[in-house]
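All of these numbers come straight from a predicted model, not from anything done at the bench. Values reported hereafter were calculated over all heavy atoms of this structure, with side chains retained and with hydrogens, waters and symmetry mates removed. Below, chains carry the letters A, B, ... as their sequence lines are ordered, and counting in each starts from 1.
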Protein chains: 2
Amino acid sequence: MIRLLLADDQDLVRGGLAALLSLERDLDVVAEVGRGDQVLRAVTEHEPDVALIDIEMAGGDGIDATAAVTASGSPCRCLIVTTFGRPGYLRRAMEAGAAGFVVKDTPADQLAQVVRRVAGGERVVDPALAADSLAGGIDPLTDREREVLRAAADGASVRTVAAQLHLSPGTVRNHLSSAIGKTEAENRYAAARLARDRGWI
Amino acid sequence: MIRLLLADDQDLVRGGLAALLSLERDLDVVAEVGRGDQVLRAVTEHEPDVALIDIEMAGGDGIDATAAVTASGSPCRCLIVTTFGRPGYLRRAMEAGAAGFVVKDTPADQLAQVVRRVAGGERVVDPALAADSLAGGIDPLTDREREVLRAAADGASVRTVAAQLHLSPGTVRNHLSSAIGKTEAENRYAAARLARDRGWI
DNA sequence: GATGCCCCGTGACAGATGTCAGGGGGTCAC
DNA sequence: GTGACCCCCTGACATCTGTCACGGGGCATC
């Protein structure tokens, strides 16, 4: 039997996945959690072979949870199952020690097979996504640029961002301008959107 | 037997819901679709009693799909099952003739009961959401304002938006200004974010 | 020590943006 | 037919934004 942990903040999705995977004779869902920061504890407590982890969860990023499991030295293998196939997510997940990465568009009948391969020691990555990730290139932004872009992403004025980060307005504008140039966007908002889609911020 | 149609663009979620609902003896999933614009055809073809429809789908809004089913005169009752509990979504769904509205945070073991109640003729609405909806107020935007705001939301320039909607740049700026005023936002992007969170666009 | 990169800041410029006043046209309800 | 809306457009204005040139300081690496 392959023991599974499910981490997803949407109850219906989690329950659905549990029902789906329980149809397989060799799979056993031994625990479910609804928050990223509960993953590690559940892993140590229930000792699953594979943890299926969503990225965007209330209460902690799934990638952080993956990193925590990896750092703990647990033999549990983390399989990211996420809505958003952003190249940056894939890269960050792999850096965090994930053993697999699939998007929720994956056909339902393939999930069990992916779980088995991950449990068997393989690394399983959505092939289309892997290509995107290579094509998308690496993050050209500096730490400050990321920070400023993130702060400005939802429409805050330059003055607000400057006050928030304890910078002069001119400096904020310079960082934004630089980020806009690097992303080849038309303005800060398009730049923020691009950076987010690529998983840079 | 209650006949069900599932509409969700994420294969894993759809498959999970199907597995979950198939555990119930009185429920029968007779069809699945992955696009909003395929809902109506599937309804006429398979004649389900209840259609579970996601809102945010590739290939057509679930609310539009609900409206189409309602307009067709089909006896099929539409139950919106969505990630985002935005007040405006609820209102729009109800206007489109939805018979129920639940978020994906709903406990998995309650879904079947909701489906039965909807099939039985009840209107079932997430209670917390209904309260939000009443508190959130109604959409003050005009059709044009919504359209312009949506087009400008991801960073397109005024010129681009104007060309896209066949308007003069000045008119676009006037609509945007009006929308900004109504949402009490600082700029178009903050206005777009606010309007989206409230389900207005 | 020189070079390179990043950070922080200033000043200046063109162009974009948000706002306002004003005008013409359409539709709908009273 | 008179308002009350909404739509579309114009022109003008102050402000914000994106860009550039320039400087100083810190911290690496060679």
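With a 6.0 Å radius and a threshold of 12 heavy atoms from other residues, nucleotides or ligands, A/R123 has its CZ atom above the threshold.
Listed pair B/H175 / D/dC8 meets the phosphate criterion, a side-chain N or O lying under 4.0 Å from OP1 or OP2. Residue A/T142 places none of its side-chain N or O atoms closer than 4.0 Å to OP1 or OP2 of C/dC5. Contact annotation: A/R144 side-chain N/O to C/dC6 OP1/OP2 distance is not under 4.0 Å.
Across all their heavy atoms, A/E32 and A/A18 have their closest contact at OE2-CB, 3.5 Å. The heavy-atom pair separating A/A96 from A/T70 by the smallest distance is O-OG1, 2.8 Å. Closest approach of B/V103 to A/L12, counting heavy atoms only: O-CD1, 3.9 Å.
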Grab the N/O contacts between the protein and nucleotides 19-22 of chain D below 3.5 Å, and write none if there aren't any.
unit_1	atom_1	unit_2	atom_2	d
D/dT19	OP2	A/S177	O	3.4
D/dT19	OP2	A/S177	OG	3.0
D/dC20	N4	A/N174	OD1	3.1

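Between the P atom of D/dC8 and the CD atom of B/E145 lies a distance of 11 Å, rounded to the nearest Å. With rounding to whole Å, B/L149 atom CG is found 13 Å from D/dC7 atom P. One interatomic measurement links the two molecules: CG of A/L167 to P of C/dC6, which rounds to 17 Å at whole-angstrom precision. Spacing between atom CD of A/E147 and atom C1' of C/dC8 amounts to 13 Å, rounded to whole angstrom units. Look at CG on A/D139: it is 15 Å from C1' on C/dC6, rounded to the nearest Å. Regarding B/K182, its NZ atom lies at a distance of 16 Å from the C1' atom of C/dG18, rounded to whole Å.
Between B/N187 and A/S168, the residue whose closest nucleotide on DNA chain C is further toward the 5' end is A/S168.
Residue A/L79 forms a side-chain contact (heavy atoms from CB on, under 4.5 Å) with just one option from A/L4, A/L5, A/V118, and that option is A/V118.
Remark: A/R86 is positioned above the aromatic ring of A/F84, its terminal NZ or CZ atom under 6.0 angstrom from the ring centre and at most 45 degrees off the axis.
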